[in-house]
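Here is the structure we will look at, set down as structure tokens.
Throughout, protein chains are lettered first and strands after them, A, B, ... in sequence-line order, and every chain is numbered starting at 1. Model, not experiment: these values are computed from the prediction. The figures here come from the full heavy-atom set of this structure, side chains too, leaving out hydrogens, waters and symmetry mates.
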2 protein chains.
Amino acid sequence: MYTCNRKVSYTLEFMRRDVFQAIADPTRREIIGLIAHRSLNLNAVADNFDISRPAVSKHIKILTQCGLLVIKKQGRDRYCEADFKKLNEVSNWVEQYRSFWTQKLDALGDFLDKETNTDNNI
Amino acid sequence: MYTCNRKVSYTLEFMRRDVFQAIADPTRREIIGLIAHRSLNLNAVADNFDISRPAVSKHIKILTQCGLLVIKKQGRDRYCEADFKKLNEVSNWVEQYRSFWTQKLDALGDFLDKETNTDNNI
DNA sequence: TATACATGAAACCTTTTGGTTACACAAATT
DNA sequence: AATTTGTGTAACCAAAAGGTTTCATGTATA
């Protein structure tokens, strides 16, 4: 029932970050907003924040590990490109409850409908 | 530009939790799922998890502080009721990027012919 | 009234998070 | 060739997160 995602610490870089945890941080959400339309190299991203460049680098690493960000090497630059497919997981989770905060009357019916085909396993 | 949400610690209980941070924890998402269709008292919620009752109580407090959960006192019981209006904030943020992960699937086919096959680890 | 129950809250602990500085190194530029 | 630039990474730190046990307190109930 309850699967813990935090004690996993593989040796490799693919430690399968949770996308919910990734977007929990406001800085990371802002990074996603920055690179949504155009990819930026790491320094360009860092210029938008008051924190240090390595701190931004860590955030980018987390976004990469959960699949929200892809790094394209180009010379000595690392261009950060957003990949929003993983956001579908968040959308699915949130939207299953949409009826609960929009139409109260149909709430129970909609819930029962959607409950049959939820696949939110990470 | 970057506003830190973590250093806020008011004296009162209304420390305005971030809903993104609230749903980052899998236990809290599960709690929301549990009380979505019927309200449960605290012990009933705690019965669904392996962690202690005070631990669940803390999660419920966080959900309350961000507005995702409302507690209705009834005798000695505290019934937990979900309030999904705050999820709109998450939905808005995610859905602004929906076109990026839906239309991109179509455009992907075009680009894949020309560009080098980048590994899309899913 | 005495006891069981539901919950809140404090004190404490360990791990994670988010930040820093310092240094290494390859790629560009001079 | 020497230097500047972009980035990775290690070592470190404070605070937050998530958990525990223990105790207090208000409600029900035998």
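Taking only side-chain atoms of B:Arg17, from C-beta outward, the nucleotide of D:dT7, D:dA17, D:dG18 with the closest atom is D:dA17. Comparing atom distances between the A:Thr27 side chain and each of D:dG19, C:dG19, D:dT20 picks out C:dG19 as nearest. The listed nucleotides are C:dT7, D:dG18, C:dT21; the one nearest the side chain of B:Arg28 is D:dG18.
A:Ile62 and A:Phe20 fall into different hydrophobic clusters, where Ile, Leu, Val, Met, Phe, Trp and Tyr are joined by side-chain heavy atoms under 4.5 Å apart, directly or via other members.
Here the C1' atom of nucleotide C:dT17 and the CD1 atom of A:Ile62 are 8 Å apart, to the nearest Å. Atom CG of B:Leu42 and atom C1' of C:dG8 are 9 Å apart (whole Å). For A:Asp25 and C:dG18, the CG to C1' distance is 8 Å, given to the nearest whole Å. In this structure, the CG atom of B:Leu63 is 13 Å from the P atom of D:dA17, given to the nearest Å. What separates CD1 of A:Ile51 from P of D:dA14 is a distance of 19 Å, to the nearest Å. Atom-to-atom, OH of B:Tyr79 to C1' of C:dC5 comes out at 13 Å; the value is rounded to the nearest Å. The CD atom of B:Gln65 sits 12 Å away from the P atom of C:dG8 (whole-angstrom rounding). The distance between atom NZ of B:Lys61 and atom C1' of D:dG19, rounded to the nearest whole Å, is 16 Å.
Look at A:Asn41 and you won't find any side-chain N or O under 4.0 angstrom from OP1 or OP2 of D:dG6. OP1 or OP2 of D:dT7 sits under 4.0 Å from a side-chain N or O of A:Asn43. Phosphate proximity of D:dG6 to A:Lys73: absent, as no side-chain N or O sits under 4.0 Å from OP1 or OP2. At C:dT17, one or more side-chain N or O atoms of A:Gln21 fall inside 4.0 Å of OP1 or OP2 (strictly under the cut-off). A sub-4.0 Å separation between OP1 or OP2 of D:dG19 and a side-chain N or O of B:Ser52 is absent. Not one side-chain nitrogen or oxygen of A:His59 sits closer than 4.0 Å to the OP1 or OP2 atom of C:dT17. Distances shown here put every side-chain N or O of A:Ser57 at or beyond 4.0 Å from the OP1 or OP2 atom of D:dT7.
Each of A:Lys58 and A:Arg78 has a nearest nucleotide on DNA chain D; the 5'-most of these lies closest to A:Arg78. Of the two residues contacting DNA chain C, namely A:Ala55 and A:Gly75, the nearest-nucleotide position lying further toward the 5' end is that of A:Ala55.
The backbone N or O of B:Ile71 lies less than 3.5 Å from no partner atom in the side chain of B:Arg78, so there is not a single donor-acceptor pair.
For a distance-only test at 3.5 Å, the side chain of A:Arg53 qualifies as a donor-acceptor partner of the base of D:dG8. Checked by distance alone, B:Arg76 brings no side-chain donor or acceptor within 3.5 Å of a matching partner on the base of C:dA6.
Separation of atoms CG (B:Leu69) and CD1 (B:Ile35) is listed at 4.0 Å; rounding is to 0.5 Å.
Partner of B:Trp93 under the side chain to side chain contact (heavy atoms under 4.5 Å, CB included) criterion, out of A:Leu87, A:Val94, A:Val90: A:Leu87 alone.
Of all heavy-atom pairs between A:Gln21 and B:Ala24, the closest is CA-CB, 4.0 Å.
Aromatic ring centres of A:Phe100 and B:His37: separated by at least 6.0 Å.
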